[in-house]
Amino acid sequence: MAETKILVVAIDFGSSGAGYAFSFAYQYKNNPLDISTSLWNNGNGPLQAKIPAVLLFNPDKKFHSFGFEAEDKYEELLNTNEEDQWYFLKGFKMQLYSAVNAGEDIRVDFELLDVGGKSISAKSVFSAAIGFLKDHFIQQMHWRKLGTVEDDIFWVVSVPAIWNDSAKQFMRESAETVGIKGDKFIMVYEPEAASIYARLLPVDKLVGNNGAVILKAFDPGRKFIVVDAGGGTVDISAQQVLENGELKIIHRECGGPWGGECINKQFVNMLIELFGKEVMKQFKNKHGDDFLQLLRDFEVKKKMYRVEDEESLTIRMPLSLIELFLDIKQSYVQTAIASSRFDETVRLKRDKLSIAGSLVETFFSETIGMIIDELVSILTHERCSDVSAIMMAGGFSEADTLQYAIKKQFQSLEVFIPTDVSLSVLKGAVIYGHNPNVVSSRVCYYTYGVNVARKFNPSIHDPRRKFFRDDGEYCKDIFDVLFEIDEEVHIGQTKSIYARDTFFSKARQINRYDPYKWRFMVSTKKDPFYTTDEGCMEHGSIIVFPPNVMWPKIVNSQILLKIAGTELVGTCVDEETMTEKSVRFEFLPSINKNQERKRLFDPFYLDI
């Protein structure tokens, strides 16, 4: 990978917004913060740096549109009752996280559900999302006549830190599907990208209780926590600034599905309880544009709501919903409110629904509680006991309620937020693309290793595991440890697997054409001996194909596994010819299987 990239483009799409940012090498050299972002016109108001992360596919499952165009077209389809033939996707990034968590096998592909419950290929959805943003950027470059060729572009995609290897592999393959070459593509963890950006900002671009402390937050030796709260997930990363300005990750990645969509779910549940499932179902089906607008209005208002003011949150209620309720229930909404448990907390006056602060806070309480519990757990770790600050990033961090709760809980820590919090991940990803070594080390979540065979030693090996090869007795199922749990691993750090084999016997000749496969293992224990020990699980395969169609009769190779940013890369080196070839990884489904598929809350897919 060349140290200097002519042009770096970062892509970020979450549960709610998507966009890209970029900078040329000369810009990065002169001022790393000189980063341009995509600009989008929704036809109503000023240009925006992000568009809604939604896609629309036609009845033949062919990609139609993305963002505002997809929303507008879907509203037309709702008004003409044609939506059942089309596929409208929201929250697809979170559905990948949910599928992996549930133990689905995503190695080739899997099915996503659109807002109406219809299934569609996940690979086609992710490829379309990446491809749309990629093509839009290249088109913009051509219009501006900047003379940029596609081979000059180095791509970065930001991903949640809590994603496992299966999800990252799926993202890489989706990028390759739309023509982004593997050597021109890397991923960056979202909370790390946010801090990479924020540490370069001048103090007046950060918001906090004490400017002097903010200045010190990124001083060498200082430790801080990044809370990247998006629509779907919350990622938490504990970091330390080194003397050379690089970042060291001091705790395993943490977080969960506690994003802003959880608050939206509470709001919609209140509406279902108040208006009834049948009314809400017809409202969504017959007045889809009003339904969308209602959700957009709440999305804005929930971020503006201030706990300290103890005021109500007011939402404009569509007249179509009020009239629909009267038509179906033969009663006024005010009467329904008066006879419900919301009698003291909800008021409807004309088309304005006022929700008392005490009720609004219950929308947030469970989600915020889980975020705070996770932070408390991290701060009790010995490496994090001297953390001095919390930085907040992501769209959900714009919510005053979340900011207030974290500041109140952690009064001894400085809590600060970049002014352009929603773009901190995107811009940080560009900086990371220019210099991936800015994050110098991370912490292993498991013990990683491979299943190997060793020469049988009767004093230490289980005789039940003994087997024979051409050159003697061997013991199978040995856990060859590469990286230990909680070990600090550095970027560029390499471990070796020695591949020794012979193909002399007639029975072995047929195997000369087969690829080598090492079972890639993980363990929750520090020093497992056998791969069948308690806490050990198969994580995937390391695959090496034979050179020139088949293996030589004597194989002497080294598999070099290198820590490369957020991924592990492999190279096979023949020790006699010193020729190299790439190694393929194939990760298995989640090692923490959940039999119940956890789906991202989708207000369109009402449980009615």
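Quick caveat, the model's predicted, so the values are computed rather than measured. One is the number of the first residue; the rest follow in order along the sequence.
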Chemist: Can you list the residues that meet the side-chain contact (heavy atoms from CB on, under 4.5 Å) rule with V307, with sequence neighbours excluded?
Modeler: Y305, E361, T401, Y404
Chemist: Looking at K168, R172, K562, which one forms a side chain to side chain donor-acceptor pair (under 3.5 Å) with E567?
Modeler: R172
Chemist: Just to verify, what does E398 make a side-chain contact (heavy atoms from CB on, under 4.5 Å) with, not counting sequence neighbours?
Modeler: K303, V421, S422
Chemist: At what distance, to the nearest 0.5 angstrom, does CD1 of I542 lie from CG of L568?
Modeler: 7.0 Å
Chemist: Tell me if the CD atom of E366 is crowded by more than 12 foreign heavy atoms within 6.0 Å.
Modeler: no
Chemist: Quick check: closest heavy atoms across S121 and D109, and the distance to 0.1 Å?
Modeler: OG-OD2, 2.5 Å
Chemist: Restricting to side-chain contact (heavy atoms from CB on, under 4.5 Å), what partner residues turn up for T524, sequence neighbours left out?
Modeler: Y446, M537
Chemist: Looking only at heavy atoms, what is the nearest atom pair of S23 and H434, with distance?
Modeler: OG-NE2, 2.8 Å
Chemist: What I'd like to find out is whether the side chain of K93 reaches to under 4.5 Å of the side chain of W163, using heavy atoms alone.
Modeler: yes
Chemist: Ring centres of Y20 and H136 under 6.0 Å apart?
Modeler: yes
Chemist: Under 3.5 Å, is there a donor-acceptor pair between the side chain of S158 and the main chain of Y189?
Modeler: no
Chemist: Hey, mind stepping through I485 and S523 against side-chain contact (heavy atoms from CB on, under 4.5 Å) and telling me if it holds?
Modeler: CA-CA 8 Å; I485 191 170; S523 175; over 6 Å; no
Chemist: Using side-chain heavy atoms (C-beta onward) and a distance below 4.5 Å, is M391 in contact with I225?
Modeler: no
Chemist: Do the side chains of K123 and E173 get close enough for a salt bridge, i.e. N-O under 4.0 angstrom?
Modeler: yes
Chemist: Among K301, R296, K302, whose side chain to side chain donor-acceptor pair (under 3.5 Å) with E299 holds?
Modeler: K302
Chemist: Taking the six-membered ring for Trp, are F224 and F218 closer than 6.0 Å centroid to centroid?
Modeler: yes
Chemist: Can the ring centroids of F170 and F110 be said to lie less than 6.0 angstrom from one another?
Modeler: yes
Chemist: Establish, yes or no, whether a centroid distance under 6.0 Å links the rings of F132 and F13.
Modeler: no
Chemist: Taking the six-membered ring of F154 as reference, does the cationic atom of K184 (NZ for Lys, CZ for Arg) lie under 6.0 Å from its centre and within 45° of its axis?
Modeler: no
Chemist: Salt bridge or not between E414 and R222? Use side-chain N to carboxylate O under 4.0 Å.
Modeler: no
Chemist: List the atom of I378, the atom of C384, and the distance in Å for their closest heavy-atom pair.
Modeler: O-CB, 3.3 Å
Chemist: Taking all atoms of both residues into account, what is the closest heavy-atom pair of V226 and P191, and its distance?
Modeler: CG1-O, 3.5 Å
Chemist: Tell me the closest heavy-atom pair linking A161 and E253, and the distance in Å.
Modeler: O-CG, 3.1 Å
Chemist: Would you call K525 and D533 a salt bridge, using N to O less than 4.0 angstrom?
Modeler: no
Chemist: How many angstroms lie between CG in L33 and OH in Y28, if you round to the nearest 0.5 Å?
Modeler: 10.5 Å
Chemist: Report yes if some heavy atom in the side chain of M521 is under 4.5 Å from a heavy atom in the side chain of H539; otherwise report no.
Modeler: no
Chemist: As an exercise, state the distance from CE of M392 to CZ of F416, rounded to the nearest 0.5 Å.
Modeler: 11.0 Å
Chemist: As an exercise, state the distance from OG1 of T531 to CZ of R519, rounded to the nearest 0.5 Å.
Modeler: 5.0 Å
Chemist: Quick check: closest heavy atoms across P32 and I431, and the distance to 0.1 Å?
Modeler: O-CG1, 3.8 Å
Chemist: Say whether, by atom type as modelled, one donor and one acceptor occur between the side chain of T362 and the main chain of L359 under 3.5 angstrom.
Modeler: yes
Chemist: Apply side-chain contact (heavy atoms from CB on, under 4.5 Å) to D219 and V241, showing your working.
Modeler: CA-CA 7 Å; D219 282 352; V241 183; over 6 Å; no
Chemist: Just by distance, do the side chain of E190 and the backbone of D235 share a donor-acceptor pair under 3.5 Å?
Modeler: no
Chemist: S440 side chain to L247 main-chain N or O, any donor-acceptor pair under 3.5 Å?
Modeler: yes
Chemist: Compare all side-chain heavy atoms of V115 with those of L89 and state whether any distance is below 4.5 angstrom.
Modeler: no
Chemist: Tell me which one of I186, I11, V430, L426 satisfies side-chain contact (heavy atoms from CB on, under 4.5 Å) with V156.
Modeler: I186
Chemist: For the side chain of S388 and the backbone of D386, is there at least one donor-acceptor N/O pair under 3.5 Å apart?
Modeler: no
Chemist: Rounded to the nearest 0.5 Å, how far apart are CG of D400 and CZ of R306?
Modeler: 4.5 Å
Chemist: Between V489 and C444, is there a side-chain heavy-atom distance shorter than 4.5 Å?
Modeler: yes
Chemist: Give a yes or no answer on whether the side chain of E374 reaches the backbone of G255 with a donor-acceptor pair at less than 3.5 Å.
Modeler: yes
Chemist: Establish, from distance only, whether the side-chain atoms of T447 and E484 form a donor-acceptor pair under 3.5 Å.
Modeler: no
Chemist: Ignoring hydrogens and angles, tell me if any N or O in the side chain of E71 forms a donor-acceptor pair with the backbone of F68 under 3.5 Å.
Modeler: no
Chemist: Determine, step by step, whether V439 and Y432 satisfy the side-chain contact (heavy atoms from CB on, under 4.5 Å) criterion, reporting the C-alpha distance in whole Å, the side-chain angles of both residues, the deciding distance to 0.1 Å, and the verdict.
Modeler: CA-CA 8 Å; V439 180; Y432 180 84; 4.1 Å; yes
Chemist: Less than 3.5 Å apart, any donor N or O on the side chain of E246 or N437 sitting next to an acceptor on the other?
Modeler: no
Chemist: Salt bridge check: are K248 and E488 linked by an N-O gap of less than 4.0 Å?
Modeler: yes
Chemist: Quick one: do I371 and L402 satisfy side-chain contact (heavy atoms from CB on, under 4.5 Å)? Show the steps, please.
Modeler: CA-CA 9 Å; I371 295 170; L402 178 58; 4.0 Å; yes
Chemist: Do S312 and I355 come close enough that some side-chain heavy atom pair is under 4.5 Å?
Modeler: no
Chemist: Check whether K427 reaches the backbone of I35 with its side chain - one donor and one acceptor, N or O, closer than 3.5 Å.
Modeler: no
Chemist: Can you check whether F364's main-chain N or O pairs, donor with acceptor, with T367's side chain at less than 3.5 Å?
Modeler: no
Chemist: Look at E192 together with R442 and state whether they make a salt bridge at an N to O cut-off of under 4.0 Å.
Modeler: yes
Chemist: With a 4.5 Å heavy-atom cut-off, do S541 and F520 have their side chains touching?
Modeler: no
Chemist: For the CD1 atom of I236 and the SG atom of C254, what is their distance to the nearest 0.5 Å?
Modeler: 6.5 Å
Chemist: Under 4.5 Å between any side-chain heavy atoms of F137 and I153, yes or no?
Modeler: yes
Chemist: Is any NZ, NE, NH1 or NH2 atom of the basic residue among K50 and D12 found under 4.0 Å from an Asp or Glu carboxylate oxygen of the other?
Modeler: yes
